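These figures come from a predicted structure and were not determined experimentally.
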Amino acid sequence: MSCTIEKALADAKALVERLRDHDDAAESLIEQTTALNKRVEAMKQYQEEIQELNEVARHRPRSTLVMGIQQENRQIRELQQENKELRTSLEEHQSALELIMSKYREQMFRLLMASKKDDPGIIMKLKEQHSKELQAHVDQITEMAAVMRKAIEIDEQQGCKEQERIFQLEIK
């Protein structure tokens, strides 16, 4: 009898070992299945996002979208260049205004000196000359200011249009 009990114990031990091996194999399969399930979910989510992006782009080809963005970039660069030119123009006008003011101060100094000498003819002549110069410069500055205002309006309109377009693209 002892042989059969020992044999039964040995068989039971072997079965337990095989059950442990099967249990380990099952755990390994469960882990692999979980990992595959996560990958499948990630792929599904990726596919859904791609479909959403295609719907947003209205099924336009990527090249069309890229060309649109490149065109907008060109327009932005042109506007930036125009802004630089306007700044340069503004600086030139400011220097012209400074020159006008220095001439004005010089004329006023001459006027004061002439008035001290009590020479009314020189005073009138200086006043007329100064008035003509001042009016010419004021007209020039007014014209330049109007051009700059128009350029700023156009620039702001373009900026608003671009912002609206970007916003619309983001919404879609």
Side-chain angles (χ1 to χ4, degrees), residues 32 34-172:
Q32 289 176 0
T34 304
L36 284 174
N37 191 23
K38 286 181 181 177
R39 286 184 67 192
V40 167
E41 280 297 317
M43 292 172 106
K44 283 181 183 177
Q45 185 177 5
Y46 174 74
Q47 189 64 28
E48 288 172 2
E49 289 176 2
I50 292 295
Q51 287 175 348
E52 278 182 41
L53 288 175
N54 283 336
E55 287 174 13
V56 167
R58 292 185 183 153
H59 302 288
R60 289 184 284 182
R62 185 176 185 270
S63 60
T64 305
L65 295 172
V66 170
M67 286 175 45
I69 291 171
Q70 287 175 342
Q71 183 180 7
E72 287 178 8
N73 284 341
R74 268 187 255 118
Q75 289 174 343
I76 289 171
R77 277 189 240 114
E78 289 172 2
L79 290 173
Q80 288 173 338
Q81 181 63 32
E82 186 177 344
N83 281 343
K84 287 178 185 177
E85 291 171 2
L86 287 172
R87 282 191 189 102
T88 303
S89 178
L90 179 64
E91 290 170 0
E92 289 174 359
H93 285 73
Q94 286 176 338
S95 64
L97 188 58
E98 288 174 11
L99 178 65
I100 291 169
M101 289 307 295
S102 67
K103 292 284 187 176
Y104 173 76
R105 290 183 193 107
E106 182 182 317
Q107 291 291 329
M108 290 307 291
F109 178 73
R110 286 184 189 169
L111 185 62
L112 286 173
M113 294 306 284
S115 67
K116 287 183 179 178
K117 294 180 182 179
D118 293 326
D119 190 359
I122 293 176
I123 294 172
M124 291 304 285
K125 189 177 178 183
L126 287 174
K127 282 183 181 180
E128 287 176 19
Q129 181 184 2
H130 173 68
S131 175
K132 288 178 184 177
E133 288 177 2
L134 190 58
Q135 186 61 40
H137 291 298
V138 167
D139 291 343
Q140 185 181 12
I141 290 171
T142 305
E143 182 182 335
M144 295 289 189
V147 169
M148 288 191 313
R149 272 191 222 104
K150 183 65 178 174
I152 289 171
E153 288 175 13
I154 292 171
D155 184 37
E156 287 177 355
Q157 289 173 355
Q158 287 291 343
C160 290
K161 286 179 184 177
E162 289 176 15
Q163 288 294 339
E164 287 177 19
R165 188 168 183 182
I166 289 170
F167 182 69
Q168 288 175 352
L169 287 174
E170 288 175 352
I171 290 174
K172 293 178 183 179

Inset, instruction - Check side-chain hydrogen bond (donor to acceptor under 3.5 Å, both in side chains) between N37 and all other residues, then give those that pass, not counting sequence neighbours. - result: none
Legend entry - Close side-chain approach of Q81 and K84, heavy atoms under 4.5 Å: yes
Legend entry - Flag side-chain contact, heavy atom, 4.5 Å: L90 against M148: yes
Legend entry - Nearest-0.5 Å distance that lies between atom NZ in K161 and atom CD in E164: 9.0 Å
Side-chain polar contacts of residues 67-76 - donor-acceptor pairs under 3.5 angstrom, sequence neighbours left out - could you list them?
{"unit_1": "E72", "atom_1": "OE2", "unit_2": "R165", "atom_2": "NE", "d": "3.0"}

Inset, instruction - Return yes when atom CD of Q45 has more than 12 non-hydrogen atoms of other residues, nucleotides or ligands closer than 6.0 Å, and no otherwise. - result: no
Legend entry - Spatial distance of atom CE (M101) from atom CE (M108) [nearest 0.5 Å]: 10.0 Å
Legend entry - Nearest-0.5 Å distance that lies between atom CD1 in I152 and atom CG in L86: 7.0 Å
Inset, instruction - Among residues two or more places apart or on two chains, list those pairs meeting side-chain hydrogen bond (donor to acceptor under 3.5 Å, both in side chains) that have a residue in residues 139-153. - result: Q135-D139
Inset, instruction - Would you indicate whether the side-chain heavy atoms of I100 and I141 approach each other to under 4.5 Å? - result: yes
Inset, instruction - Sort out for me which residue in H93, R87, E91, E85 forms a side-chain contact (heavy atoms from CB on, under 4.5 Å) with S89. - result: H93
Inset, instruction - Could you check if a side-chain atom of L134 sits within less than 4.5 angstrom of a side-chain atom of Q107, using non-hydrogen atoms only? - result: no
